[in-house]
Amino acid sequence: MANNAYDQMVNDFMAKIIAKNQGEVEFHQAVLEVAETLIPFIEENPKYKAAKILERIAEPERVILFRVAWVDDKGEVQINKGYRIEMNSAIGPYKGGLRFHPTVTLGMLKFLAFEQVLKNSLTTLPMGGGKGGSDFDPKGKSDNEVMRFCQSFMTELFRHIGPNTDVPAGDIGVGGREIGFLFGQYKRLRNEFTGVLTGKGREWGGSLIRPEATGYGEVYFAEEMLKTRGDSMKGKICTVSGSGNVAQYATQKATMLGAKVVTLSDSGGFIYDPDGIDADKLAFVMHLKNVKRGRITEYAEKYGVEYFPGLRPWGIKCDVALPSATQNEINEEEAKTLIANGCFVVSEGANMPSTPEAIAVYQDAEILYGLGKAANAGGVAVSGLEMSQNSLRLSWTREEVDGRLQVIMKDIHAACVKYGKRDDGSVDYIKGANIAGFVKVADAMLAQGVV
Ligand code: NDP
Ligand code: 2IT
């Protein structure tokens, strides 16, 4: 079929999505990227078309929206919105993180839940897709305020989740501290100790390597992509955005593999350290961000390097870009600058960090572009391993979990190659990841009938 016939089908499909999900711009963006690669594939595989699998996966199985009322340290009542999107359970219980950030909306969480379905399928583990969160802003809140918020949030959420139903985890604004408070409240309400959340502390059901998993996986995926060109991370200059969970461990693994990470950022701006962020400097960042909860500008003061307020790090010359902060953090101009400066690998730790225009720039330049749902799947993969360990009532060693993570990232890469190899031998990772993720979910949905 001619390309313009596919374009027309994508346009018709998207018109319906936009009409049914008005104003949910991030959701439209995520669905469009998938529809562009899946519609030609579905035309070649009419069984998926007849069963309207694409239309069905774009509609959440269930959306839960609730009020979260809590009392701040001044005694004032605060009200936030709480959400859980239970997107797809064809291949396993709903699984995906919780995001606490003031910009959270239904549309943002639907984009994340939609991505999660295909990502979880790619991990090779039996997990459906979901996402949740709140417009609560943990920044500037005391530990007690965060605890009271988490307890109130879980007092509603607990009735909708369970180790065989829906298993939330962390995302932006939700780390070990929040998972602890959420787990404590769930346990109190249900009177049972189960693996209902992942990212737990290692003494109470957590998995070794879960904190590291997303950032490590992002770098393992970059290494796999580089291997296709007979290259490796060794000696590469890397720019990393963000300075939270994913950015920290991407920095650590890149450095362990012989690369040099020269930037980190937060919502205030970025730091540029041309000497590289070594293990000692990273320990400073971890303390600053995970304990003191301070700003990245303090790094510049401590190490006497430049801080660029209000800017993102994509103007700095690099070989490998590891976006690890948030969605749409690389636009067309920034993508062009990256390429002009010689960047030839983008491996996404964040979800949907590149705008569609930025992706078009990467595709034109034929760089190695590992999209989020493949490159950042290591986090949820180790969450899946945490669920397995909880079910077995065993805990595996670091080496065991890291070894499994590496195998999973290699398998995801291989799945992308299987479905995304172009005639010239190069790999379209977008096509590969979307189709590989889709096939497993679609076949399960076909087997389970029209539900
Ligand atoms: P954290 O909350 O630990 O860190 C987020 C980092 O990104 C912070 O440095 C934060 O800066 C910055 N950031 C967040 N929002 C914005 C924004 N709107 N503009 C600029 N900077 C921003 O989150 P994670 O590290 O867990 O998550 C980072 C990304 O990775 C997200 O896209 C998430 O969805 C994705 N991801 C996370 C996984 C996980 O296991 N945690 C798994 C797979 C993907 P500041 O502190 O100033 O807000
Ligand atoms: O986007 C993601 O994959 C995550 N935030 C991790 C989800 C999980 O369940 O570990």
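Ligands are counted one by one from 1 in listed order, and the atoms in each one are counted from 1 as well.
Contacts between Ser241 and ligand 1 below 4.0 angstrom, taking non-hydrogen atoms only, are absent altogether. Counting heavy atoms closer than 4.0 Å to ligand 2, residue Arg210 contributes side-chain atoms (C-beta onward) but none from N, CA, C or O. Neither the backbone nor the side chain of Ala169 has any atom closer than 4.0 Å to an atom of ligand 1 (non-hydrogen atoms only). For Arg210, every heavy-atom contact with ligand 1 shorter than 4.0 Å involves the side chain, none the backbone. When heavy-atom distances to ligand 2 are checked against a 4.0 Å cut-off, Asn351 comes that close only through its side chain, counted from C-beta outward. Neither the backbone nor the side chain of Gln327 comes within contact range of ligand 1; no heavy atom lies under 4.0 Å.
For atom 10 (C) of ligand 1, the nearest protein heavy atom lies 4.0 Å or farther away.
Tested against Arg148 for a salt bridge (charged side-chain N to carboxylate O under 4.0 Å, His left out), the candidates Asp143, Asp73, Asp72 yield a single pass: Asp73. With respect to Lys281, the side-chain hydrogen bond (donor to acceptor under 3.5 Å, both in side chains) criterion is satisfied by exactly one of Asp275, Asp273, Thr255: Asp273.
The protein non-hydrogen atom at the shortest distance from atom 7 (C) of ligand 2 is Gly97 N, 3.5 Å. Taking atom 34 (O) of ligand 1 as the reference point, the nearest protein heavy-atom neighbour is Asp171 OD1, 2.7 Å. The single protein non-hydrogen atom nearest to atom 39 (C) of ligand 1 is Thr214 OG1, 3.4 Å, given as residue, atom name and distance. Scanning the protein heavy atoms around atom 3 (O) of ligand 1, the nearest turns out to be Asn245 N, 2.9 Å. Protein heavy atom closest to atom 10 (O) of ligand 2, with residue, atom name and distance, is Ser383 OG, 2.5 Å. The closest protein non-hydrogen atom to atom 17 (C) of ligand 1 is Thr326 CG2, 3.5 Å.
In terms of polar-atom proximity, defined here as any N/O pair under 3.5 Å, Arg295 does make such a contact with ligand 1. On a distance-only criterion, Ser243 and ligand 1 share at least one N/O pair closer than 3.5 Å. For ligand 1, the polar-atom distance check finds no N/O of Lys119 at less than 3.5 Å from any of the ligand's N/O atoms. Backbone and side-chain nitrogen or oxygen atoms of Val174 are examined, and none is located within less than 3.5 angstrom of a nitrogen or oxygen of ligand 1. In terms of N/O distances under 3.5 Å, ligand 1 is approached by Gly173. At least one N/O-N/O distance between Arg99 and ligand 1 falls below 3.5 Å.
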As a quick check of understanding, evaluate ring-ring contact (aromatic ring centres under 6.0 Å, His included) for Phe183 and Phe193, giving each step before the final call.
CA-CA 9 Å; Phe183 183 78; Phe193 193 112; 5.1 Å; yes
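Side-chain N or O atoms of Asp266 include one that pairs as donor or acceptor with a backbone N or O of Ile296 at under 3.5 Å.
Applying the ring pair (Phe, Tyr, Trp, His ring centres under 6.0 Å) rule to pairs touching residues 242-277 yields Phe270-Phe308, sequence neighbours excluded. Screening residues 179-190 for salt bridge (Lys or Arg N to Asp or Glu O under 4.0 Å), with sequence neighbours left out, gives no hits.
Closest heavy-atom contact between Ser267 and Lys139: OG-NZ, 3.6 Å.
Within the set Pro353, Ala325, Ala350, the minimum heavy-atom distance to atom 28 (C) of ligand 1 is found for Ala325. Taking each of Lys119, Met387, Met127 in turn, the one with a heavy atom nearest to atom 2 (C) of ligand 2 proves to be Lys119. Compare Arg293, Lys139, Glu178 by their heavy atoms: the one nearest to atom 48 (O) of ligand 1 is in Lys139.
Listed by number with element, the atoms of ligand 2 under 4.0 Å from a non-hydrogen atom of Lys95 are 8 (C), 9 (O). Close approach of ligand 2 to Ala169 (heavy-atom distance below 4.0 Å) involves ligand atoms 8 (C), 9 (O), 10 (O).
In this structure, Met352 does not count as a contact residue of ligand 1, since none of its heavy atoms falls inside 4.0 Å of the ligand. Within the structure, the closest approach of Gly170 to ligand 2 falls below 4.0 Å when heavy atoms are considered. Ligand 1 has no atom lying under 4.0 Å from any heavy atom of Arg312. Not close to ligand 1: Gly175, with no non-hydrogen atom less than 4.0 angstrom away. At a 4.0 Å cut-off, at least one heavy atom of His101 sits close enough to ligand 1 to count as contact. In this structure, Lys131 is part of the shell of residues with a heavy atom less than 4.0 angstrom from ligand 2. Under the 4.0 angstrom criterion for non-hydrogen atoms, Gln248 is not in contact with ligand 1. The shell of residues lying under 4.0 angstrom from ligand 1, judged by heavy atoms, includes Ser265.
For Phe153 and Phe136, the gap between ring centers reaches or exceeds 6.0 Å. Between His413 and Tyr429, the ring centre distance stays below 6.0 Å.
Counting heavy atoms of neighbouring residues, nucleotides and ligands inside a 6.0 Å radius, atom NZ of Lys141 exceeds 12 of them.
Using a 4.0 Å cut-off between a side-chain N of Lys or Arg and a carboxylate O of Asp or Glu, Glu223 and Lys227 do not qualify as a salt bridge.
The aromatic rings of Tyr220 and Tyr216 lie perpendicular to each other, with more than 60° between the two planes, well past the 30° mark.
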